[in-house]
Number of protein chains: 2
Amino acid sequence: MPATDHDASAKHAILETAQRLFAEEGFEKVSLRMLTQEAGVNLAAVNYHFGSKEGLIDAVVGAYVNEVNAGRLEALSNAEAKAGSKPLAVETILDCFMQPALDAVRRSPLTEKLFFRLMGRCMNDDRGLRGMPEAAIKGFQDVLTEFPRALQAALPQLQRNEILLRLHFTVGVMIHALMNTDVLQCLTGEDDLGALTRDQLLAQMKVYGAHGFTGPPLPLTPTP
Amino acid sequence: MPATDHDASAKHAILETAQRLFAEEGFEKVSLRMLTQEAGVNLAAVNYHFGSKEGLIDAVVGAYVNEVNAGRLEALSNAEAKAGSKPLAVETILDCFMQPALDAVRRSPLTEKLFFRLMGRCMNDDRGLRGMPEAAIKGFQDVLTEFPRALQAALPQLQRNEILLRLHFTVGVMIHALMNTDVLQCLTGEDDLGALTRDQLLAQMKVYGAHGFTGPPLPLTPTP
DNA sequence: GTCTATAAAGTGATAGAC
DNA sequence: GTCTATCACTTTATAGAC
């Protein structure tokens, strides 16, 4: 921690408030005036510390994306080391893929509901990879290499095409479930005691996804 | 068609352009200036014909939502009539749920890719049901009654909770797949000939969803 | 029904004092 | 590093002429 207490406190306040507001409203709808006022810092502070609004978004998204993708790769690597030469079960692979995204809530200052909304927004392809640091892009490429490889080993009857497509479907399940936990709790928990826990949601997504993956092949390209 | 050629032509031009721009950019990002300029009508025409920008969005979304939900209910009703007293197969029920959303492209002036993006945005819960006409709300409620009922009959081992949750997951699959067909074609079709057709996408989503649904129960509430 | 002109408020970004 | 003041621009919506 360099210099005075004030050095990083504004930057920190901006980051914390940004996470919450981005989760609640989405990146576009949050104005710098709204954000700085709520964070108790000056309007110009965002541009000073992050260069622009885009820079702030990239900082928030990049931190989560990096952490989650690193966690995914590490989990997969550990699982494969433990399994030796045997291919992993699909459900194990999906656990490595999903768990880190949900567990990142522990390092987040947000409530679980808000964190899930932010994570869902981060996983949405809509903003692409614009402005992401190189490390984040690398992590993304690694995930899109390692997980299809592991899945192909577990499901040799599927074409690579189908593996990628079903992984894409699985991402859709995660985004939609994370973005709408309030709907989920409304649908699944009749009363307050019935609220869906993080572990329950994870288990349900894993079962649904793993069984979806093991559906019969439907070749997308003619087998020669 | 009442009165002169000019009566509905502006309204019609606005609707067609709105569909395309909403699909490309999202509801929020499209400004009335952009829209009216591209449609070749006056800036004030949107407020005259639709009351406000919100009114225009509701008109575009409502038309698709109505058509799709009506199609879903009709397809399910037909399938049940044909099956007699036997419960439907899960894949048949999902066909009734998914097919109408993809088939609506036939009554759309958009290209398939743009139509899918618009449909994905319409299916997103983010804007809620604000401003939807009563008929649309009714259709929504009916879908959320009839489909869980049919699925429960097909999958008696699942709790109602789980049925709703897995249907929610299935919606996530559809939204994400429809919103990102370009990614899909990039992932699945190596060359231009390999591009994913509408029928292929539907078949893949059906297999993935149907097998996800038939995964083992994971009771969310303790069975008494 | 269509148009111009404009109101009223919001946006991101920045220069320059402290 | 923080602040004020402001620029340059955009947004939706509307009043009133034709």
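Every chain is numbered from 1 and lettered A, B, ... according to where its sequence line falls, protein lines coming before strand lines.
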Taking the six-membered ring for Trp and the single ring otherwise, decide whether the centroids of B:His176 and A:His168 are under 6.0 Å apart.
yes
Return the value, rounded to whole Å, for the distance between atom [atom1] of [X] and atom [atom2] of [N].
X: A:Asn47; N: D:dA5; atom1: CG; atom2: P; result: 18 Å
X: B:His49; N: C:dC3; atom1: NE2; atom2: C1'; result: 12 Å
X: A:Asp58; N: C:dG12; atom1: CG; atom2: P; result: 15 Å
X: B:Lys53; N: D:dA13; atom1: NZ; atom2: P; result: 8 Å
X: B:Glu28; N: C:dG10; atom1: CD; atom2: P; result: 17 Å
X: A:Phe50; N: C:dG12; atom1: CZ; atom2: P; result: 15 Å
X: B:Leu56; N: D:dA13; atom1: CG; atom2: P; result: 10 Å
X: B:Leu32; N: C:dA9; atom1: CG; atom2: P; result: 19 Å

Sequence neighbours left out, what pairs pass ring-ring contact (aromatic ring centres under 6.0 Å, His included) with at least one residue falling in residues 108-143 of chain A?
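The answer is A:Tyr64-A:Phe115.
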Any side-chain N or O of B:Ser31 under 4.0 Å from OP1/OP2 of D:dT11?
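The answer is yes; a side-chain N or O of B:Ser31 sits under 4.0 Å from OP1 or OP2.
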Would you say A:Asn42 places a side-chain N or O within less than 4.0 Å of OP1 or OP2 belonging to D:dG1?
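Negative; the distance criterion is not met.
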Check every atom of D:dA13, C:dT14, C:dT2 against the side chain of B:Ala10 and return the nucleotide holding the closest atom.
C:dT2
I want to verify a distance call: between C:dA13, D:dA13, D:dT2, whose nearest atom is closest to the B:Ser52 side chain?
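Given the options C:dA13, D:dA13, D:dT2, the side chain of B:Ser52 is closest to D:dA13.
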Would you mind telling me which residue lines up with the more 5' stretch of DNA chain D, A:Arg33 or A:Gly40, judged by nearest nucleotide?
A:Gly40
Of A:Ala44 and A:Lys29, the one whose closest DNA chain C nucleotide lies more 5'
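First, find each residue's nearest nucleotide; the 5'-ward one identifies A:Lys29.
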Could you tell me whether the side chain of A:Arg72 reaches within less than 4.5 Å of the side chain of A:Cys96, counting heavy atoms only?
no
Below 4.0 angstrom, N of the basic side chain to O of the carboxylate: do B:Glu112 and B:Arg198 qualify?
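Answer for the salt bridge query: yes.
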Pairs satisfying salt bridge (charged side-chain N to carboxylate O under 4.0 Å, His left out), at least one member in residues 39-61 of chain A, at least two apart
A:Glu54-A:Arg127
